[in-house]
Protein chains: 2
Amino acid sequence: MANGAQRSEWTRAVRGFHAGARSDFGSCSFAVVVASSVNGAGGAVPTVLLLCSQGVPNSVIESGERARVQPETTEASRLVETAIQEGLLATLFGRCRVEYEGRAASTLKEGERLVVLKPDGTALVHSDEGQKPVNWQPPGCTHEVQTDGDSLVVRSRRETPEEVLLVEFESVDHVAIFDVTDDHDLSLTGTEEDLRDRILEDPSILEPGFEPRATERQTPAGAVDIYGVDGDGNAVVVELKRRRVGPDAVSQLNRYVESLERDLHAETTVRGFLVAPSVTERASRLLGERGLEFVSLAPSPDT
Amino acid sequence: MANGAQRSEWTRAVRGFHAGARSDFGSCSFAVVVASSVNGAGGAVPTVLLLCSQGVPNSVIESGERARVQPETTEASRLVETAIQEGLLATLFGRCRVEYEGRAASTLKEGERLVVLKPDGTALVHSDEGQKPVNWQPPGCTHEVQTDGDSLVVRSRRETPEEVLLVEFESVDHVAIFDVTDDHDLSLTGTEEDLRDRILEDPSILEPGFEPRATERQTPAGAVDIYGVDGDGNAVVVELKRRRVGPDAVSQLNRYVESLERDLHAETTVRGFLVAPSVTERASRLLGERGLEFVSLAPSPDT
DNA sequence: GCCTAGGTCCCGTTA
DNA sequence: TAACGGGGCCTAGGC
């Protein structure tokens, strides 16, 4: 721990800062708390806890006044607790270990990570690498935060299936909570649906004479992307893929074709088309063995 | 914008705070910059830019002194730029719109989001919901940040395939950069590999008399999880799944079996086993049609 | 709730 | 580099 005199000076500075913030912006609230914690090597590690932006209850702001013992953990916990209660998003950064148990089980030793807790019950633990979180909890979980001695512990649970994520912070360098509003109206192009629309708009792209009859037609083996007939009246099954395909897509198409062959009258010929930008060698060979056909087409015309 | 007198008061408070931080902790550096920006409704929105924790170059700290015009955007940009240059992780929170173009293309209208830029070239844009980022860029990308008038723009590119992510912040409420060290030694149990080990340890679990001969044995159709022989000398192909399986797993097993039937002598019988905790109804029917067998087994003994 | 299949899937491994 | 298959996959859409 830093010596008392120095921390007291810090706290004063912070309080002044904080007080100014509230008088300045009226309805908007800020609190910044600075304290030191002891890291594994016994050295003092500066810790900043930041509460910022709009719509944060005033009660939280006042809490800074009461930071006396282990202020960093207490304050961090309070902020995260507020986020959970009020439906805010919380981010924590610090040195932590992580345990997970549920569909599988994992242990992650101490390291510095960014933890994100979302109001929808999502939890993310991100290391310095990778697009995927090293540990996580899907939406719908219940988050809890508590202090355990010097450490801050975040727990996230769900049922069906029963799963628990535990993040134990040895030190917390940074906490921030945000009142997030997002209409999240993502518009995406280049999907399989775009590929489908291209064919429905001009079925001759697949083959001259092709006539689509249904999309998502049900068979005992599952739903067919496009079902129709060719110029000779044969049944046609089309499986669409937005990107280069491997053997799995061929098997999928084959399942549908075989299922329809049993379902329809015995004399009906069922042709299977795989539509994708390209195929791998092994998939191409499988197509040949199964008597299936391939049409090269991408979701976007220019690709 | 807030009036000049008020911002000046803020800036003074911040500087004092900042100076104290440096003298207190020596090698560790902090900078906190507070400023106001104008939101869409024309109101003043408080903005906090936070630079915290270890190993941050001093030059960045000094930059607070030069915050004169559009301090929020300039400082935010500087902090993110530092993170990119120095291999730090950066988080930004604010109101932004997002565009992506690459394997697909997307547009996301204005909303409040958390953006994470990792030193390995990963970019994440998280809204208030969902485990998956609403937009992202995988590792290996090159991040750039720049100011464009009042807005801060983050760009992330990669080649092979050519992909660009653009995040344009109308306002930035919070920026933090972190020097992350993580040995990321995740230990995971309950995987397909555990399931494999259970069978290799006691092959009779699959069937009395079963003798494993190889794992990942190559066939023209791909690698077989476990290859072996039964008590009668028939070839055995085992496909493992850590969880309840659907039709795709049956097709996969079927590909391997058919491939081996062609590869081996004609008179050799090839039996196919699907090992998983359970199967869906449709998958079960497919197994029957294909003459394949099912053994119920989970990665963990107690499941 | 389960089932089915898509995904800018990501990710590791191997040829 | 591409290909192949696993994943605590996640997610949307049906039933």
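Reminder, nothing fancy here: chain letters follow the sequence lines and each chain counts from 1.
Which of dC11(C), dC10(D), dT8(C) sits closest to the side chain of Ser106(B) comes down to dT8(C). Minimum atom distance to the side chain of Trp136(A) is reached by dG8(D), of the listed dG5(D), dG8(D), dT8(C). Of all nucleotides listed (dT8(C), dG6(C), dC11(C)), dG6(C) comes nearest to the side chain of Glu239(A). Taking only side-chain atoms of Thr280(B), from C-beta outward, the nucleotide of dT8(C), dG8(D), dC3(C) with the closest atom is dC3(C).
Put simply, CZ on Arg243(A) is 10 Å from C1' on dG6(C), counting in whole angstrom units. Rounded to a whole Å, the CG atom of Leu253(B) is 11 Å from the P atom of dG6(D). In this structure, the CZ atom of Arg217(B) is 17 Å from the C1' atom of dT14(C), given to the nearest Å. Rounded to whole angstrom, the span from the CZ atom of Arg196(A) across to the C1' atom of dG7(C) amounts to 16 Å. Taking atom CZ on Arg282(A) and atom C1' on dC4(D), their separation rounds to 7 Å, with Å as the unit. In this structure, the NZ atom of Lys132(A) is 12 Å from the P atom of dT11(D), given to the nearest Å. Per the geometry, CG belonging to Leu186(B) stands 13 Å off P belonging to dG7(D), to the nearest Å. Here dG8(D) presents its P atom at 11 Å from CD of Gln131(B), a figure rounded to the nearest Å.
For Arg103(A) and dG7(D), the shortest distance from a side-chain N or O to OP1 or OP2 is not below 4.0 Å. Distances shorter than 4.0 Å separate none of the side-chain N or O atoms of Arg244(B) from OP1 or OP2 on dG1(C). For the OP1/OP2 pair of dG5(D) and a distance below 4.0 Å, the side-chain nitrogens and oxygens of Tyr256(B) include at least one atom meeting the criterion. Proximity of Gln252(A) to the phosphate of dG6(C): a side-chain N or O atom is located under 4.0 Å from OP1 or OP2. Contact between the side-chain N/O atoms of Lys241(B) and the OP1/OP2 oxygens of dG6(D) is found at a separation under 4.0 Å.
Looking at heavy-atom distances under 4.0 Å, Glu193(A) makes no contact with the nucleic acid at all. Residue Pro161(B) is out of contact with every strand shown, counting any heavy-atom pair closer than 4.0 Å. Backbone-only contact: Ala221(A) has heavy atoms under 4.0 Å from sugar-phosphate atoms and none from a base. Within 4.0 Å (heavy atoms only), Gly190(B) reaches no atom of the nucleic acid at all. Among the heavy atoms of the strands lying under 4.0 Å from Thr160(A) are primed sugar atoms or P, OP1, OP2 only; no base atom is included. No contact: Glu281(A) has no heavy atom under 4.0 Å from any strand. Arg242(B) comes within 4.0 angstrom of the backbone, heavy atoms only, and of no base. Nucleic acid contact class of Glu101(B) (heavy atoms, under 4.0 Å, all strands): none. Using a 4.0 Å heavy-atom distance criterion, Arg158(A) is classed as making no nucleic acid contact. Using a 4.0 Å heavy-atom distance criterion, Glu129(B) is classed as making no nucleic acid contact.
The base of dG7(C) lies outside donor-acceptor range of the side chain of Glu192(A), with no N or O pair under 3.5 Å. In this model, a side-chain donor or acceptor of Asn135(A) finds a partner on the base of dG8(D) within 3.5 Å.
For the pair Val295(B) and Leu274(B), the minimum side-chain heavy-atom distance is 4.5 Å or more.
In this structure, the side chain of Asp225(A) engages the main chain of Leu240(A) through a donor-acceptor pair within 3.5 Å.
Map Gly246(A) and Gln137(A) each onto its nearest nucleotide of DNA chain D; the residue landing nearer the 5' end is Gly246(A). Each of Pro133(A) and Gln218(B) was assigned the nucleotide of DNA chain C with the nearest heavy atom; the assignment lying further toward the 5' end belongs to Pro133(A). Residue whose closest nucleotide on DNA chain C sits further toward the 5' end, between Pro247(B) and Glu159(A): Glu159(A). A residue-by-residue look at Val279(A) and Ala105(A) shows that Val279(A) has its nearest nucleotide of DNA chain D further toward the 5' end.
A salt bridge links Glu163(B) to Arg103(B): one of the charged nitrogens lies within less than 4.0 Å of a carboxylate oxygen. Salt bridge annotation for Asp182(A)-Arg113(B): present, with a cationic side-chain nitrogen under 4.0 angstrom from a carboxylate oxygen. Between Glu159(B) and Arg157(B) there is no salt bridge, since no side-chain nitrogen of the basic residue lies less than 4.0 Å from a carboxylate oxygen of the acidic one. The pair Glu201(A)-Arg198(A) fails the salt-bridge criterion, with no side-chain N (NZ, NE, NH1 or NH2) lying under 4.0 Å from an Asp/Glu carboxylate O. Salt bridge Lys241(A)/Glu239(A): present, at least one basic N to carboxylate O contact under 4.0 Å.
Nucleotide dC2(C): paired with dG14(D) (Watson-Crick or G-U wobble, both distances less than 3.5 Å).
Comparing the same atom, C1', in dG6(D) and in dC10(D) gives a spacing of 14 Å after rounding to whole Å. Annotation: dG7(D) and dT11(D) have their C1' atoms spaced 14 Å apart (nearest Å).
Within the model, atoms CG of Leu89(B) and OG of Ser127(A) stand 9.0 Å from one another, a figure rounded to the nearest 0.5 Å.
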